[in-house]
There are 2 protein chains.
Amino acid sequence: MANIRDIAKYADVSVTTVSRVLNEHPYVSKEKRERVRQAMAELGYLRNQQALTLSTGRTQRFVVVLPYLDHPYYGLFVNGLAKAALQRDYRLVMWQTEYQLDQERQALDLLKHREVDGAILLSHTMSFDEMEMYRQFGPIAVATVGAPETISSVHVDHYAAFVAGLNVLAQAGYIEIGIVLSRQDSPSSIARQQAYFDEVELARERWVWTGYLTSEDGIRLADEFLRQQERPRALFFSSDYVALGFLGELRRRCVRIPDEVAILGFDGHPIGQAFGLSTMYSPNEDIGRTLFDVTFEEMNGATSITNSLTVTYLPGTTL
Amino acid sequence: MANIRDIAKYADVSVTTVSRVLNEHPYVSKEKRERVRQAMAELGYLRNQQALTLSTGRTQRFVVVLPYLDHPYYGLFVNGLAKAALQRDYRLVMWQTEYQLDQERQALDLLKHREVDGAILLSHTMSFDEMEMYRQFGPIAVATVGAPETISSVHVDHYAAFVAGLNVLAQAGYIEIGIVLSRQDSPSSIARQQAYFDEVELARERWVWTGYLTSEDGIRLADEFLRQQERPRALFFSSDYVALGFLGELRRRCVRIPDEVAILGFDGHPIGQAFGLSTMYSPNEDIGRTLFDVTFEEMNGATSITNSLTVTYLPGTTL
DNA sequence: GTACAGTCTGAAACGCGTTTCAGAGCAAGT
DNA sequence: ACTTGCTCTGAAACGCGTTTCAGACTGTAC
């Protein structure tokens with residue numbers, strides 16, 4: 001495989017000149033430029049990206065950290081990231097953590113070893129204190145709330161978002177409301193519970209279901225829900241997928257919705273709309289796009305930012 | 001940031017010795033090894049992965065090409081890939097093509113420019129002839145059928161798989177059968193139609209629905225299906241997600257399943273099972289894992305392989 | 001006592017594109 | 001006539017870890 005020096009020799013110019021042609025530097029005469037072009041064509045020159053990377057110190061890669069690559073919740077974020085990355089000619093190295101702290105550390109170690117230019121965390125169990133130690137090795141952006149000043153954050157304020165959702169339910173006349181959350185101890189779940197107990201007069205511990213992540217969990221919940229004696233009249237889910245599983249199972253059992261139980265989802269994924277799910281729309285694709293842009297800008301010297309977004313009600317037929 | 005030469009100077013040894021310590025080469029005396037370790041600790045040495053990459057010619061990365069990062073169909077493949085990659089300390093660069101040929105080319109250009117060691121295509125519109133031109137730059141593996149000898153393939157034989165599915169329906173007593181496919185012109189869709197017309201006596205052009213990719217499409221289909229005068233008694237889907245959309249919408253409209261229409265999916269995604277979908281199970285996670293391993297082995301000199309897998313019937317309640 | 005094998009060490013070359021710096025040549029400005 | 005400022009060119013250094021090769025040394029074998 002021909003390298004830049006072979007080209008230089010073949011075209012009888014210096015390697016500097018070849019490099020200048022590659023980078024479209026203006027200070028090359030037409031003749032030499034042409035000779036170099038010719039040489040590259042004849043020898044089938046292909047620029048070695050690794051050498052470029054070592055030389056410039058830029059990898060053109062970000063690592064994207066998320067618990068599960070195939071969880072639909074992250075789909076729209078990733079989509080936004082991918083679109084932004086394509087525009088900037090950047091690559092995304094995906095890193096699945098399965099909520100394991102050591103996997104998050106491994107992902108951020110890529111930053112340390114200059115294998116990527118920056119890191120984007122869609123979810124994390126690592127403390128911000130620990131995360132900040134990695135900050136010196138490159139920009140870090142998160143999709144979660146509570147990041148310190150050095151770490152960029154683009155997220156929805158889950159407290160405010162839940163307040164908004166609960167207000168939608170209240171305005172629709174629902175008083176007995178339950179909520180369905182994912183991991184019990186995650187910061188967003190804590191914020192959501194806070195909102196629930198702050199806003200809902202008839203809030204009950206027993207009406208807070210935690211540990212529901214997937215559609216399958218939603219189906220399981222349907223069973224548990226129907227078994228219960230005293231049931232809320234409306235359920236506010238923190239995920240459309242769980243809500244959909246619940247909805248599908250109830251419909252299968254011919255439970256009337258929203259007459260017997262109203263459902264409000266959270267996310268606004270197209271699939272939810274397709275099933276008529278009423279939901280709180282969260283601009284996840286935008287968040288993904290912005291996360292990329294922020295990280296990119298920060299790499300070029302911009303300062304980190306915090307951007308808190310709000311959600312809007314997306315009516316369906318389940319409320 | 002200290003590099004290997006700084007360490008050498010600090011520990012008063014040669015860079016070769018430092019490199020040997022890094023690579024755990026045995027021919028280093030205990031004293032020098034200790035001195036080097038000490039120096040690395042004191043100067044906070046971090047190995048530069050880019051330099052290593054340039055030097056060894058190995059990137060420890062594969063590019064994974066697929067139409068949509070967030071399409072659930074690819075989720076299990078990607079999961080298998082990710083698990084295998086983690087084991088080998090490899091990274092996955094995800095490349096979303098949206099079925100654009102030029103995006104596939106860009107992805108394979110990474111191979112040309114030595115930005116990745118190999119390429120794994122879960123889907124492709126590129127011809128195998130063109131793909132073979134990239135083969136010289138690194139191993140390529142596909143999850144589709146019909147690959148030439150130089151390109152590894154791990155796939156399900158969609159013709160055989162569809163024959164198997166149609167037999168399941170026949171054995172359950174269904175005679176009037178329709179099929180629902182994704183892209184009309186894709187090789188797998190062609191094979192499936194072939195199987196349909198070969199196997200089903202009452203096969204009708206009008207009972208072949210093409211262009212259905214997502215759950216939303218399945219919902220749309222429900223409407224179209226119910227409008228139709230002469231309907232088949234059973235539908236065989238090429239995707240669980242489309243089947244689920246269809247199923248959910250019919251249940252919402254209180255159409256009895258399987259009494260009025262039987263549904264057989266294809267995939268075996270956990271979410272399908274959750275909704276009681278009868279389906280043909282395809283070992284996609286295994287395929288992902290094997291695709292990685294094959295590519296990896298091939299990089300180390302193994303020859304390419306073709307591995308055709310079969311599907312099995314996974315009973316549910318929709319048949 | 002002589003070979004041979006194994007252990008340990010480091011200089012130099014290698015992978016390859018970019019950047020800095022010095023210098024030559026030439027035209028415009030005063 | 002002299003300065004200033006482009007335009008063009010290339011040698012050398014740089015980023016940094018690995019590998020090859022040659023050589024020194026020690027120990028065992030015959």
Side-chain angles (χ1 to χ4, degrees), chain A residues 1-37 39-40 43-61 89 109-117 137-138, chain B residues 1-37 39-40 43-61 89 109-117 137-138:
Chain A
M1 307 228 188
N3 64 32
I4 205 178
R5 274 158 244 265
D6 298 329
I7 303 298
K9 209 169 288 173
Y10 193 87
D12 195 28
V13 296
S14 70
V15 292
T16 315
T17 299
V18 178
S19 175
R20 276 195 266 257
V21 172
L22 277 173
N23 294 288
E24 286 169 9
H25 189 286
Y27 288 175
V28 182
S29 62
K30 289 118 271 147
E31 311 93 81
K32 296 213 172 179
R33 186 183 305 276
E34 200 34 59
R35 285 224 304 276
V36 170
R37 289 256 164 77
M40 294 205 275
L43 299 184
Y45 174 74
L46 292 170
R47 194 197 222 149
N48 184 325
Q49 183 67 29
Q50 300 171 205
L52 197 151
T53 282
L54 174 61
S55 186
T56 60
R58 283 280 172 95
T59 62
Q60 310 227 97
R61 286 188 293 275
D89 197 24
D109 279 342
L110 298 189
L111 213 52
K112 265 193 179 175
H113 296 291
R114 311 228 217 1
E115 225 179 306
V116 296
D117 294 335
F137 302 109
Chain B
M1 306 228 188
N3 64 30
I4 205 178
R5 274 159 244 265
D6 298 329
I7 303 297
K9 208 169 288 174
Y10 193 87
D12 194 27
V13 296
S14 69
V15 293
T16 317
T17 299
V18 178
S19 175
R20 276 195 267 258
V21 172
L22 277 173
N23 294 288
E24 286 170 10
H25 189 287
Y27 287 177
V28 182
S29 63
K30 288 118 274 146
E31 311 91 80
K32 296 213 171 179
R33 187 181 303 278
E34 200 35 57
R35 285 226 301 278
V36 170
R37 289 255 163 77
M40 294 206 274
L43 300 184
Y45 174 73
L46 292 170
R47 195 195 220 150
N48 184 325
Q49 183 68 28
Q50 299 170 208
L52 196 151
T53 283
L54 175 61
S55 185
T56 59
R58 284 279 172 95
T59 63
Q60 310 228 97
R61 284 188 293 275
D89 198 22
D109 279 343
L110 298 189
L111 214 52
K112 265 193 178 173
H113 293 113
R114 309 227 215 6
E115 222 178 309
V116 297
D117 293 337
F137 302 109

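Keep in mind that this is a model prediction, so the values were computed, not measured. Scope of the values below: all heavy atoms of this structure, side chains included, with no hydrogens, waters or symmetry mates. Chain naming here is simple, since letters A, B, ... match the order of the sequence lines and numbering starts at 1 in each.
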message: Applying side-chain hydrogen bond (donor to acceptor under 3.5 Å, both in side chains) as the test, list every pair that has at least one member in residues 28-37 of chain B; sequence neighbours left out.
response: none
message: Tell me the interatomic distance from A/D12, atom CG, to D/dG10, atom C1', rounded to whole angstroms.
response: 12 Å
- prompt: When all nucleic acid strands are considered with a 4.0 Å heavy-atom cut-off, which category describes B/R114: base, sugar-phosphate, or nothing?
  reply: sugar-phosphate
task: Return the set of residues passing side chain to side chain donor-acceptor pair (under 3.5 Å) with B/Y10 (not counting sequence neighbours), or none when no residue passes.
output: B/E42
- request: Whole angstrom is fine here: how far is it from CG in A/N48 over to P in C/dG15?
  value: 11 Å
Student check: side-chain heavy atoms of A/L52 and A/Q60 closer than 4.5 Å: no
- prompt: At their closest point, which heavy atom of B/R5 faces which heavy atom of B/V15, and how far apart are they?
  reply: CG-CG1, 3.3 Å
- prompt: What integer distance in Å separates B/K32:NZ from C/dC8:C1'?
  reply: 8 Å
message: Out of the candidates B/L22, B/D6, B/V18, only one should pair with B/Y45 under the side-chain contact (heavy atoms from CB on, under 4.5 Å) rule; please name it.
response: B/L22
task: Check whether any side-chain heavy atom of A/L110 sits under 4.5 Å from a side-chain heavy atom of A/R61, and report yes or no.
output: no
query: Between A/R58 (CZ) and D/dG15 (P), how many Å, whole number?
result: 17 Å
message: What I'd like to find out is whether the side chain of B/I7 reaches to under 4.5 Å of the side chain of B/L43, using heavy atoms alone.
response: yes
- prompt: Would you say B/V36 and B/M40 make side-chain contact, with heavy atoms under 4.5 Å?
  reply: yes
query: Rounding to a whole Å, what distance do you find between A/L43:CG and C/dC16:C1'?
result: 15 Å
- line: With five pairs defining each end axis, the helix from C/dG1-D/dC30 to C/dT30-D/dA1 comes out bent, to 10°, by 40°
Dump the pairs, protein N or O against N or O of nucleotides 18-26 of chain D, anything under 3.5 Å, distances to one decimal.
| from | atom 1 | to | atom 2 | distance (Å) |
| --- | --- | --- | --- | --- |
| D/dT18 | OP1 | B/N23 | OD1 | 3.3 |
| D/dT18 | OP1 | B/N23 | ND2 | 3.2 |
| D/dT18 | OP1 | B/R47 | NH2 | 3.0 |
| D/dT18 | OP2 | B/S19 | OG | 3.0 |
| D/dT18 | OP2 | B/N23 | ND2 | 3.2 |
| D/dT18 | O4' | B/S55 | OG | 2.7 |

- prompt: Atom CG of A/L46 and atom C1' of C/dG15: how far apart are they, to the nearest Å?
  reply: 16 Å
query: Starting at the 5' end of DNA chain D, which residue's closest nucleotide do you reach first, A/H25 or B/M1?
result: A/H25
message: Check this one for me: any side-chain N or O of A/Y45 less than 4.0 Å away from OP1 or OP2 of C/dC16?
response: no
task: Rounded to the nearest angstrom, tell me the gap between atom NZ in B/K9 and atom C1' in D/dC16.
output: 14 Å
statement: With sequence neighbours left out, the residues meeting ring pair (Phe, Tyr, Trp, His ring centres under 6.0 Å) with A/H25 are A/Y27
field: Side-chain heavy atoms of B/T59 within contact of B/E115, under 4.5 Å
entry: no
- prompt: Quick one: does B/S19's side chain get under 4.5 Å of B/T16's, heavy atoms only?
  reply: no
message: D/dG10, OP1 or OP2 - any side-chain N/O from A/T17 closer than 4.0 Å?
response: yes
- request: Looking only at non-hydrogen atoms, find the nearest pair between B/D117 and B/L111 and report the distance.
  value: C-CD1, 3.8 Å
query: Between D/dT9 atom P and A/E34 atom CD, what is the distance in whole Å?
result: 14 Å
Please produce a list of atom pairs where a protein N or O lies less than 3.5 Å from an N or O of nucleotides 4-7 of chain C.
| from | atom 1 | to | atom 2 | distance (Å) |
| --- | --- | --- | --- | --- |
| C/dT7 | OP2 | B/Y27 | OH | 2.2 |

